[in-house]
2 protein chains.
Amino acid sequence: MAKPGTTSHVGARSGTESAETRAALVEATIATLRTEGYAGTSARAIARTAGLNQALVFYHFGSVTNLLLAALDATSLRRMEQYKAAVAAARGIDGLAEVAAGIFHDDLDGGHMSVLAELIAGASSVPGLGAEVGARIAPWIEFTEHTLADTLGESPLGRLLPAGEIAYAIVALYLGIEMLAHLDGDRSRAEALFATAQRLAGLMSALLPERGADRIDAASTEGSH
Amino acid sequence: MAKPGTTSHVGARSGTESAETRAALVEATIATLRTEGYAGTSARAIARTAGLNQALVFYHFGSVTNLLLAALDATSLRRMEQYKAAVAAARGIDGLAEVAAGIFHDDLDGGHMSVLAELIAGASSVPGLGAEVGARIAPWIEFTEHTLADTLGESPLGRLLPAGEIAYAIVALYLGIEMLAHLDGDRSRAEALFATAQRLAGLMSALLPERGADRIDAASTEGSH
DNA sequence: GTCTATACTTGGATAGAC
DNA sequence: GTCTATCCAAGTATAGAC
C-alpha cells in the first residue's frame, strides 16, 4: 500500500510545492491545536485553517494522527533549538531559572507547549499515540538532565540529587503548570511561581560554587559523571 | 425546561431506585474514563459499562459533560476524605512524603487522578468545562497549602517559601507526573521519584524542628499566620 | 424510570474528476 | 497534487412506547 504520509514520502523532491502544502498543514495543525484543543483539531478544521482541502491531510500524512505527530515534531524541534541557545547563554542556576521563566512565557504565548499538552491529553484515546508522544518527550527529559548535571553537577546539591529523577520531575512540573494555566486561562499564578523560583535560585546560587558559569564551552568535552 | 441533570434533580426522594441508577452511571463514568480516556467516554460507552441504556445519561444528567463533572465530584470527594485522614495520621515532613507516595500508588491503581487528568485533557474542547474543572481543583491547592503551612509553617523553610505557590507547584507536579506515567504506562520513574522525595524528606526532617508532629489536633484552633 | 427507535451532526477516510 | 463528492461510523440528544 505504501501510504504517503507516515514519515518520508516524496517530500524531498526538487523544489515542488508539495513541501509547501505539507508545511502549511503542519502549521495549521499547530494553530488549530492551540485554539481549538485536541478534540477540535479535525482534518476538516485543520484544512479550514490552512485554507486547503480536507483530503490533502490524508494524501500527505495518511491520517490525522500522523499529522498531529508531525506537528509535535515540528514544534519540538524549534523549541529545542531555542532552549539550547538560551541555556547555553545562561550563567549558573539563577540564570537557568530566568531562562525557564522567559521560555514559559513564550510558550504560553506561542502555544508550543500547548501542542504537547493537547497531544498528551488526547493520547489516551488513540491506542498507539501515547507511546509516540512519550518517545518525543524523552529528549526533553534528557536535555534537562544534561543541563542540570552541567549546572550543579559537582556541587554538594548535585551529589545529593539524582539528576535523572529531578529532570523527570522538572518536565512533569512544567507540564502540570502549563495544564493548570491552560484550564482557567489564568497564568498569573504560574508566573508568580516562576518569579519565586528565580528568587530562590538567586539564593541558592549565592550558596553554591558557581560551577558551569565560565565553562559552558567545555561541557561537551567532559566525561566526568 | 428544568433539565433533570444539572445538579440536584429529584435525587433526594425516599429510597427510590433512581439514585442507584445515577450512582451506577457515575461509577461507570469513572471506570470508562479510566480505561478508555476522555475521547472514549461517550454516553454510549458509559451506558455499556453500566449495563444501562444510553438515554438514561441524558435523562438523569442532561448532558455527558454534566455527568463527567458529577464523576469528578464523586472521586474528588472520596479522595479528599482519604487524603485528609492519611495526612492527619502523618508525622512531620517525612511522614507527608510517605503519604504522598502511597496515595500516588493508590491513585494510579484506582484511577482517581486519571479522571481528573482526562477531564483536564478534554477541557480544551468543551467551552465551559475548563472553568468547571478549575473550580474543582482549587480545593486541592488549598488543602495542600494548609497542610504545608501546618507542617513547616514556622520553620525557617516555611518562612522562606510562600505556601500558596508551593502548593500550586505541588499540585501541578503531581498532575504532570500522573500524565507522564499515564503516557507510556511506565510508572517506575514516577515511583523512583517518590522514593527519592521520601529520602530527601527524611533528610530535611532531621534538620527541621518537628513541628506539627504532636499538635495535629491543635491545628484547627491556631490562628497564627 | 427505563427502554427502543430515530433524527441530526460531525468526523475519518476514499474514489475519481480535473 | 488538489479538488468535489460521497460513504460510513460514531456520537449527542430527543420522542414516544412501555
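Keep in mind that this is a model prediction, so the values were computed, not measured. All chains are named by letter (A, B, ...) in the order of the sequence lines, taking the proteins before the strands, and each is independently numbered beginning at 1.
- Screening residues 23-33 of chain B for salt bridge (charged side-chain N to carboxylate O under 4.0 Å, His left out) gives Glu27(B)-Arg78(B) as the qualifying pairs, with residues at least two apart or on separate chains.
- For residues 29-57 of chain A, there are no ring pair (Phe, Tyr, Trp, His ring centres under 6.0 Å) pairs, not counting sequence neighbours.
- Closest to the side chain of Phe58(B), out of dT2(D), dA13(C), dT14(D), is dT14(D).
- Summarising the geometry, the separation between CG on Leu56(A) and P on dT2(D) is reported as 5 Å, rounded to the nearest angstrom.
- Partners of Arg79(A) according to the salt bridge (Lys or Arg N to Asp or Glu O under 4.0 Å) rule, which considers only residues two or more places apart in sequence or in another chain, are Asp107(A).
- In this view, Glu98(A) and Gln198(A) satisfy the side-chain contact (heavy atoms from CB on, under 4.5 Å) rule, not counting sequence neighbours.
- Remark on the helix from dG1(C)-dC18(D) to dC18(C)-dG1(D): inter-end axis angle 10°, axes from five-pair C1' superpositions, rounded to 10°.
- The shortest distance between the side-chain N/O atoms of Thr21(A) and the OP1/OP2 oxygens of dT2(D) is below 4.0 Å.
- Residue pairs satisfying the ring pair (Phe, Tyr, Trp, His ring centres under 6.0 Å) criterion with at least one member in residues 116-145 of chain A, sequence neighbours excluded, are listed as follows: Tyr83(A)-Trp140(A).
- Ser42(A) meets the side chain to side chain donor-acceptor pair (under 3.5 Å) test with no other residue; sequence neighbours excluded.
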- Task: Take Thr41(B) and Thr32(B), measure what side chain to side chain donor-acceptor pair (under 3.5 Å) needs, and give me the verdict at the end.
- Result: CA-CA 6 Å; Thr41(B) 307; Thr32(B) 309; 5.6 Å; no
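- Partners of Arg34(A) under the salt bridge (Lys or Arg N to Asp or Glu O under 4.0 Å) rule, at least two apart in sequence or in another chain, do not exist in this structure.
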- Could you write nucleotides 4-11 of chain D as a row of B, S and -, 5' to 3', where a protein heavy atom under 4.0 Å of any base atom gives B, of only sugar-phosphate atoms gives S, and otherwise -? BBB----B
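- The nearest whole Å value for the distance from the OH atom in Tyr59(A) to the P atom in dT2(D) is 8 Å.
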